[in-house]
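Labels below follow one simple rule: chain letters A, B, ... track the order of the sequence lines, proteins then strands, and each chain is numbered from 1. Hydrogens, waters and symmetry mates play no part in the numbers below; they use all other heavy atoms, side chains included. Because the structure is predicted, anything quoted here is derived from the model rather than measured.
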2 protein chains.
Amino acid sequence: MARNGEARAKILAAADALFAARGYDAVSMRDVAAEAGVAKAAVFYYFEGKDALYAAVLEGYYRAHEAALTDALAREGDLRDRLHAVVDAYVDFAADNVRYARMVQRKIAGGGGDLTVVRQNLGLLLRGVEAALGDAVPAHGPLAARHFFVTLSGAVLNYFTYAPALEGAWDGDPLSPEGIAERRAHLHWLVDTLLAALPSSAPA
Amino acid sequence: MARNGEARAKILAAADALFAARGYDAVSMRDVAAEAGVAKAAVFYYFEGKDALYAAVLEGYYRAHEAALTDALAREGDLRDRLHAVVDAYVDFAADNVRYARMVQRKIAGGGGDLTVVRQNLGLLLRGVEAALGDAVPAHGPLAARHFFVTLSGAVLNYFTYAPALEGAWDGDPLSPEGIAERRAHLHWLVDTLLAALPSSAPA
DNA sequence: GATCGGTTTGACCGTTCGGTCAAGTTTTGA
DNA sequence: TCAAAACTTGACCGAACGGTCAAACCGATC
């Protein structure tokens, strides 16, 4: 091998697939090495240990996610346009990286481990939504931006994490292009409905 | 010991606390035994194995959850009242059993393991919401009951699972009585807003 | 063709895991 | 009172884990 970072890339891809499919504990370094077609010691040559390997996989997702979101947040336009762009970026990213939603939810619900990296990513999103909503929304109370943030991000992410558990209840695969398109339409309707109901836009 | 199911109950309580705090893999049968103040072999005397122990813990939560929900679903009243009752029951249950939200999310996002028990519980909820919404909502498309179900249950559950990751972003503890009350108000506002926007109730 | 640094490997280590088992203790019921 | 049933235990097992290491490999450079 030795050419370029070929071995490293193969290890990272294998770890990505395995961690996303089975979770952290159910994947052994032997599994990763076998999936990558490499000796187990090679995995330790490129990564300090199992934690570092998992962090590297997650880090890649976070960078891609951040890029997708900052693009959407930087958009010009009115509130509705910007929120739609954020939701679209979120859905696109989750759809292109179905593993990501699962890994994030697992990290949050997992209990152990430091949540600082998750906290940073959530913080970025929250501040984005807060900035986008601006003074269309009260600073405190049940209609504060924070609550819309939790509600919206839950509405996006949960669809993807719940998908495998919703099998029988859906007609067709929830993760098919048609299913995702329908979900996207639901989310757009949701954003429009919530915006229309906000006190400050009531007179319009 | 030997009196009643005392040992069994202590093991179950210990497993509950440990699984909820650390997750499945990070808890060993030795940990459970130590926490319960019992020999490791005793754990295997009462439960077939680690999977069975985890299933027993989850089962208890599911039964309690089911009871809370069927009560709410059986309520008389108009659509709004019934949906508020369901949301309240969901929030109450999640607040009283903070561990539960984490365990369910972990089970769903965990990848491995059979999701049949989760699927059954989700199915119960989904059918409840579908029945409650009745023909206030189209049978297919982005406004179908399924989507509201995912959106609403995500809005409820995610608040509790995200709580530890939202620390800095919230003022005060999101899981304090005040925080939960504020979230409940948000959810009620959400239900009312969505209902008001539904096509069939537009004329009203 | 010798050598040198980055790469790859198989063999190995100590630890911890889920699970078993035979022996001991306590409770029960006739 | 005593034997059977229910319970509890410490010692033990094989397997799998994360991680280490010295040796071998391999493509450059001189």
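- For the pair R75(A) and D81(A), the salt-bridge criterion is not met [side-chain N within less than 4.0 Å of a carboxylate O].
- The interatomic distance linking K40(B) (NZ) with dT16(C) (P) rounds to 14 Å, in whole Å.
- Per the geometry, CZ belonging to F47(B) stands 13 Å off P belonging to dC7(D), to the nearest Å.
- Contact annotation: Y45(A) side-chain N/O to dT8(C) OP1/OP2 distance is not under 4.0 Å.
- The distance from atom CZ of F44(B) to atom C1' of dA22(C) is 17 Å, rounded to the nearest whole Å.
- Taking atom CD on E48(B) and atom C1' on dT20(C), their separation rounds to 14 Å, with Å as the unit.
- When distances are taken from the side chain of R30(A) to each of dC17(D), dT20(D), dG6(C), the shortest belongs to dC17(D).
- If you check dC7(D), dT9(C), dG19(D) against the side chain of Y46(B), the one that comes closest is dC7(D).
- Between A41(A) and S28(A), the residue whose closest nucleotide on DNA chain D is further toward the 5' end is S28(A).
- Look at CE on M29(B): it is 16 Å from P on dG10(D), rounded to the nearest Å.
- Two rings, from W170(A) and Y159(A), have their centers less than 6.0 Å apart.
- Counting non-hydrogen atoms under 4.0 angstrom, V27(B) reaches the backbone sugars and phosphates but no base.
- Taken from OG in S153(B) to CG in L126(B), the straight-line distance is 9.0 Å, to the nearest 0.5 Å.
- The interatomic distance linking K10(A) (NZ) with dT7(C) (P) rounds to 15 Å, in whole Å.
- A straight line from CG of D25(B) to P of dT16(C) spans 17 Å, rounded to a whole angstrom.
- The CG atom of D31(A) sits 14 Å away from the C1' atom of dA15(D) (whole-angstrom rounding).
- Between E178(A) and R183(A) there is no salt bridge, since no side-chain N of the basic residue sits under 4.0 Å from a carboxylate O of the acidic one.
- A donor atom on one side chain and an acceptor atom on the other are found under 3.5 Å apart for Y24(A) and D51(A).
- Counting only heavy atoms from C-beta on, K50(B) has its side chain closest to dG19(C) among dG19(C), dT9(C), dG18(D).
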